2 protein chains.
Amino acid sequence: MIDPHEILCTHFDRYLALDEVERNALRERSSVRRLKKRGFLLQEGEVCKSYAFVVEGCLRMYEMDEKGVEHNLQFALENEWIVDIGSFHAEKPSSLFIEALEPSTVICIEHADLLYLYTEHPKFDRNFRVIIEDQFVELQQRMLRRNASSAEQRHAHFVEQHPALAARVPNVHIASYLGVTPEFLSRLKSKTSKGR
Amino acid sequence: MIDPHEILCTHFDRYLALDEVERNALRERSSVRRLKKRGFLLQEGEVCKSYAFVVEGCLRMYEMDEKGVEHNLQFALENEWIVDIGSFHAEKPSSLFIEALEPSTVICIEHADLLYLYTEHPKFDRNFRVIIEDQFVELQQRMLRRNASSAEQRHAHFVEQHPALAARVPNVHIASYLGVTPEFLSRLKSKTSKGR
DNA sequence: CTGATCCCTTGACCTGGATCAAGGTCATTT
DNA sequence: AAATGACCTTGATCCAGGTCAAGGGATCAG
């Protein structure tokens with residue numbers, strides 16, 4: 001299997017590619033972590049200590065409300081980042097959970113290490129800015145859709161935009177991500193498949 | 001009245017404060033623009049050309065759906081930023097509108113100028129990264145609330161967190177921002193005020 | 001002063017989606 | 001191989017919030 005760090009460095013090639021020095025700094029300041037299915041990278045009440053890059057597997061980030069119902073905020077597949085940025089930067093306890101939906105391999109960068117990378121190698125500032133801008137734009141569009149479209153339209157859009165997730169992730173979690181109950185999602189699916 | 005650029009520079013003091021050189025560069029690479037009530041900073045189909053900082057006034061960013069219904073995505077008051085980042089960076093046509101709800105004064109930074117600032121003065125990369133991270137965290141929380149709370153709870157939270165907006169902005173726009181109809185928001189308000 | 005616009009409210013009725021309950025199928029554990 | 005638990009489905013019923021329609025008070029332009 002390929003070296004996880006190679007995968008991460010290749011990922012940065014999509015932005016401003018890293019040079020040798022930066023690659024080495026990144027290698028030294030990050031660590032590989034393996035999670036088994038249903039393992040937690042973060043639990044409510046803890047400070048989110050790692051900015052995590054998914055090398056392999058699938059994770060979800062969610063909040064649990066007073067009634068114990070979970071609300072999925074984000075999924076992360078291979079080559080995606082997952083972190084509670086608020087908790088991570090403020091070093092305050094998080095209200096979120098990050099859980100592996102499959103056995104997963106992630107690369108973790110801790111707070112002090114990321115600060116080091118930011119200040120010693122400004123390219124990281126740039127790259128992480130662009131990465132989060134992209135995520136921000138996606139989240140804005142999702143917010144708009146949440147307010148402007150029906151559950152059926154949101155689900156159709158999700159399946160179209162994220163076929164890999166639709167195939168790998170249980171419907172319960174997709175329902176929660178879309179903001180509907182699993183029962184209703186089930187009805188939606190049976191309706192649309194009957195349409196064909 | 002105070003120089004708008006002063007206000008912008010002061011705003012950056014909340015992050016990594018700018019030195020003389022950076023302040024001058026910023027002044028040279030930005031421009032002040034005044035909008036009258038109902039004036040547009042961006043209209044659907046145009047490329048979003050300015051990263052805008054509100055010096056005075058109040059703006060909203062929204063999308064219009066096929067039926068002509070508007071969906072508010074964001075408000076911006078004094079000392080806040082407003083831009084369709086997706087359109088701005090990709091230099092692609094936007095699907096959004098940015099409209100002044102009051103006579104407003106904004107400072108605009110155009111695409112080429114911001115790139116210049118980013119590359120010549122890395123502190124801007126840093127500061128804009130932090131600014132957008134903060135906005136991202138807020139948007140995540142809003143998304144969670146949208147899926148986890150009732151309209152009544154969301155409205156109560158909005159009034160509590162944004163009293164200035166609740167006072168300055170017509171209810172139609174707040175309703176759209178919260179994802180409910182103006183009629184229903186009106187009922188919510190009359191219910192809660194009767195509670196006292 | 002006088003229409004136009006906005007903007008808000010209230011009523012009557014309707015519907016998308018929630019809730020509750022039950023049963024069914026796998027896959028994992030023991 | 002039985003038992004547990006995760007996941008999906010379907011039915012019956014309910015309700016938060018939408019839709020449509022009408023009226024009324026501000027505010028602003030001519």
Side-chain angles (χ1 to χ4, degrees), chain A residues 36-40 58-60 62 64-72 75 97 99-103 145-159 165-195, chain B residues 36-39 58 60 62 64-72 75 97 99-103 145-159 165-195:
Chain A
K36 45 187 178 182
K37 187 168 175 173
R38 248 156 243 156
F40 286 102
C58 177
L59 322 209
R60 69 178 176 125
Y62 65 93
M64 188 177 289
D65 67 21
E66 333 74 57
K67 293 178 204 133
V69 180
E70 299 171 1
H71 301 275
N72 288 140
F75 295 111
F97 298 79
E99 181 201 37
L101 295 174
E102 305 173 1
R145 262 193 311 277
R146 176 71 240 246
N147 283 344
S149 311
S150 69
E152 185 167 6
Q153 291 170 320
R154 279 178 276 137
H155 176 245
H157 182 270
F158 179 85
V159 172
L165 280 174
R168 280 165 79 168
V169 171
N171 283 320
V172 199
H173 292 138
I174 293 172
S176 158
Y177 179 87
L178 294 174
V180 297
T181 57
E183 293 94 330
F184 190 67
L185 179 58
S186 172
R187 284 180 238 264
L188 284 183
K189 295 186 81 168
S190 73
K191 188 170 70 160
T192 54
S193 68
K194 229 173 280 165
Chain B
K36 46 186 178 183
K37 188 170 174 171
R38 246 155 245 156
C58 177
R60 69 176 175 127
Y62 66 93
M64 188 177 288
D65 68 22
E66 332 75 57
K67 292 177 206 136
V69 180
E70 298 171 2
H71 301 274
N72 288 140
F75 295 111
F97 298 79
E99 182 201 36
L101 295 175
E102 305 173 1
R145 262 193 311 278
R146 175 72 241 241
N147 284 344
S149 311
S150 69
E152 185 167 8
Q153 292 170 320
R154 277 178 277 139
H155 176 246
H157 182 270
F158 180 85
V159 172
L165 281 173
R168 281 165 78 169
V169 171
N171 282 320
V172 200
H173 292 139
I174 294 172
S176 157
Y177 179 86
L178 293 173
V180 298
T181 58
E183 292 94 330
F184 190 67
L185 179 59
S186 172
R187 284 180 237 265
L188 283 183
K189 294 186 84 167
S190 74
K191 189 171 66 159
T192 54
S193 68
K194 229 172 280 166

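This structure is a prediction, so every number in the text was calculated from the model and none was measured. Throughout, protein chains are lettered first and strands after them, A, B, ... in sequence-line order, and every chain is numbered starting at 1.
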Rounded distance (Å) that lies between atom [atom2] of [N] and atom [atom1] of [X]:
X        : N      : atom1 : atom2 : value
B:Phe184 : D:dG18 : CZ    : P     : 6 Å
A:Glu152 : C:dG16 : CD    : C1'   : 11 Å
B:Leu178 : D:dG18 : CG    : P     : 11 Å
A:Arg168 : D:dA6  : CZ    : P     : 21 Å
B:His173 : C:dC8  : NE2   : C1'   : 13 Å
A:Leu188 : D:dT9  : CG    : P     : 11 Å
B:Leu185 : D:dG17 : CG    : C1'   : 12 Å
B:Lys191 : C:dC8  : NZ    : C1'   : 18 Å

Quiz item: From the list C:dC6, C:dG17, C:dT19, which nucleotide is the closest neighbour of the side chain of A:Arg187?
Solution: C:dT19
Quiz item: Given C:dT19, C:dT9, C:dC7, which nucleotide is nearest the side-chain atoms of A:Glu183?
Solution: C:dT19
Exercise. Fit a plane to each ring of B:Phe97 and B:Tyr62, take the angle between them on a 0 to 90° scale, and name the class: parallel (under 30°), tilted (30 to 60°) or perpendicular (over 60°).
Key: parallel
Quiz prompt | Any side-chain heavy-atom pair of A:Ile174 and A:Leu165 under 4.5 Å | solution = no
Quiz item: Is the shortest heavy-atom distance from the side chain of B:Met64 to the side chain of B:Glu70 under 4.5 Å?
Solution: yes
Quiz item: Does a side-chain N or O from A:Asn171 land closer than 4.0 Å to OP1 or OP2 of D:dC8, or not?
Solution: yes
Practice problem: Check whether any side-chain N or O of B:Thr181 sits under 4.0 Å from OP1 or OP2 of D:dG18, and answer yes or no. | Solution: yes
Quiz item: Tell me the salt bridge (charged side-chain N to carboxylate O under 4.0 Å, His left out) pairs involving residues 148-158 of chain B, sequence neighbours left out?
Solution: B:Glu152-B:Lys191
Quiz item: Relative to the 5' end of DNA chain D, which residue comes earlier, B:Lys37 or B:Ala151, by the nucleotide with the nearest heavy atom?
Solution: B:Ala151
